[in-house]
Structures are given as structure tokens and as C-alpha cells.
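In what follows, chains carry the letters A, B, and so on, assigned in the order in which the sequence lines appear, proteins first and then strands, with residues in each chain numbered from 1. Hydrogens, waters and symmetry mates play no part in the numbers below; they use all other heavy atoms, side chains included.
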Protein chains: 2
Amino acid sequence: MDNIDLETVNRVKPKMPDTTLLYELSDFFKLMGDSTRIQLLWALEENEMCVGELALLLNMTKSAVSHQLKTLRSAKLVKAQKRGKNVFYALSDHHVRTVLEMALEHVCE
Amino acid sequence: MDNIDLETVNRVKPKMPDTTLLYELSDFFKLMGDSTRIQLLWALEENEMCVGELALLLNMTKSAVSHQLKTLRSAKLVKAQKRGKNVFYALSDHHVRTVLEMALEHVCE
DNA sequence: ATTATAGTTGAACAACTGTTCAACTGTCAA
DNA sequence: TTGACAGTTGAACAGTTGTTCAACTATAAT
């Protein structure tokens with residue numbers, strides 16, 4: 001006696017995402033799953049800004065902001081450009097806006 | 001002497017999301033930021049399934065699956081229905097599919 | 001050259017997260 | 001009623017994550 005429908009399981013199994021894609025997907029969502037990083041992306045959608053400006057805007061230390069920018073940068077979501085003493089950050093991927101808007105639609109209902 | 005452009009900061013500040021929305025957004029992304037939960041949602045997009053079937057499909061213990069289903073359920077992303085000895089889970093929000101597809105598009109490039 | 005500012009870095013710490021394990025509830029069959 | 005199965009639950013554990021702190025590099029101004 002077995003309450004499991006093996007047919008269903010076997011039909012769905014090949015439709016599951018492969019491991020690589022799966023981890024890319026969850027890594028992307030993990031990246032967005034932090035309020036500081038969302039704020040950074042949100043702000044940079046308005047204007048490129050340097051670390052000090054972002055720190056002032058979010059009321060955080062430059063160190064904390066810099067750490068998170070590094071994370072976003074290594075995920076290729078933002079890019080950095082040094083000008084004089086400052087390092088200016090800007091969005092490098094305009095997919096970000098779309099995904100944020102989709103999530104907003106989901107959350108606001 | 002101050003290298004910060006206060007005008008930019010003051011212009012962007014009012015455009016930032018308020019605290020509540022911010023946390024709703026990041027909580028939603030946190031929810032998607034786990035490969036097990038993505039697999040569960042992905043599978044349930046194909047068919048409602050009971051805990052045992054999902055555990056078999058993902059090659060995990062029923063306990064682990066149950067814990068994650070509880071998380072998804074309290075976020076209203078899935079709903080449960082008891083039938084006999086089994087508890088069948090199904091998607092309760094078809095926004096999920098859209099968001100997953102958007103993220104897929106982002107990741108696959 | 002010296003000093004001050006902008007930003008980065010790594011270690012440390014606390015908080016959080018996902019899985020496991022064992023004990024438990026509830027349902028069906030014999 | 002007894003036993004087996006389906007699922008849930010909470011505690012415990014290890015692994016991860018975000019911020020802080022202090023030390024550091026690099027650029028610009030005097």
C-alpha cells in the first residue's frame with residue numbers, strides 16, 4: 001500500500017530545472033533578499049552615486065555600504081567608476097528595474 | 001570641503017520606498033532565495049502534490065519538505081488541503097509563475 | 001611632505017536559516 | 001484496538017549573512 005502517485009512524480013521530474021539553473025535562480029533571489037541591497041539598487045535607478053552619498057541616503061556607514069556594493073558588483077548588477085577621490089556606482093543591468101517592478105506588483109495586492 | 005552632492009541625495013530621498021514596502025519586498029525575495037523552495041514552487045506549477053510525492057521528487061525527507069511548505073504557506077504562496085491521510089499542496093498565487101519567468105530571463109543571458 | 005578625505009578590506013560577532021532527528025498527531029486498514 | 005503510514009512540530013546543529021570596527025590604500029589640498 002502506497003499513497004504516492006508515481007506517475008505524477010515521474011511526469012514532473014524531467015520538467016524540473018537542472019542544478020546549475022536552480023542555483024543561479026536562487027542566488028539571484030538571495031541577492032535581492034536584503035533590504036539594504038534593494039535600497040541601493042532603487043537609489044541607483046535614480047542616479048549614479050558615490051559611496052558617501054549612498055551612505056548618507058541610507059543612513060549607514062560607508063563600510064557597510066561598500067561591502068554590499070561589492071556583493072552587487074560581483075553579481076554584475078552594478079558597476080563602479082573611480083573619479084578623483086570618489087567611486088561612483090551605477091546600475092549595470094536594466095533588468096533589475098523590471099524585476100523590482102514585478103515584485104512590487106506581487107507585494108502590493 | 002565636502003565631496004557629497006547634497007542636491008542629488010535630497011532629490012532621491014523622497015523617492016525611496018517606505019520601510020514597510022521595503023521589508024515586504026525583501027521578504028518576498030528572501031522567500032524565493034532558496035533552492036528547495038524554488039523547486040517546490042516549480043513542481044507545484046505542474047501539479048498539486050502531497051508531501052510524500054514532493055519529498056520523493058526532490059529527494060528530501062518529508063520533514064524538510066514539510067518545514068519549507070509551512071514557510072511558503074505562511075507567505076500565502078501555496079495552500080494545503082487534507083484528503084484522507086494525505087495533505088495536498090497547490091499554488092495559491094499565479095504571480096509566482098510570472099516572477100519565476102522574469103528571473104529566468106534575467107539569469108539566462 | 002603633510003594632512004584630511006573617500007573608500008576598501010578582513011576579522012569578529014551576533015543574528016538568522018535550513019536540515020536533521022525524535023517525538024508527536026491523525027487517519028486508514030486489518 | 002492495534003499497527004502502519006502521512007505529515008507536523010520543536011529543539012538542536014552547522015552553515016551562512018550583514019554590520020561593526022580598526023587598519024589600510026589612494027587621492028587631493030595646503
Which whole-number value in Å describes the distance from [X] [atom1] to [N] [atom2]?
X       : N      : atom1 : atom2 : result
B:Tyr89 : D:dG7  : OH    : C1'   : 8 Å
A:Lys30 : D:dG18 : NZ    : C1'   : 15 Å
B:Lys62 : C:dA22 : NZ    : P     : 16 Å
B:Leu31 : C:dC16 : CG    : C1'   : 15 Å
B:Ile4  : C:dT5  : CD1   : P     : 12 Å
B:Glu53 : D:dC5  : CD    : C1'   : 14 Å
B:Gln81 : D:dT8  : CD    : C1'   : 18 Å
A:Leu69 : D:dG18 : CG    : C1'   : 14 Å

I want to verify a distance call: between D:dT8, C:dG26, D:dT19, whose nearest atom is closest to the B:Lys85 side chain?
C:dG26

If you check the B:His67 side chain, which of D:dA11, D:dT19, C:dG18 turns out closest?
D:dA11

In this structure, are over 12 heavy atoms from other groups packed under 6.0 Å from A:Tyr23 atom OH?
no

Using a 6.0 Å cut-off, check whether atom NZ of B:Lys15 has over 12 heavy atoms from anything other than its own residue.
no

Sugar-phosphate only, base, or nothing, as touched by A:Arg37 at under 4.0 Å among non-hydrogen atoms
sugar-phosphate

Check the phosphate of C:dT20 against B:Thr61, side-chain N and O only, distance under 4.0 Å to OP1 or OP2. Yes or no?
yes

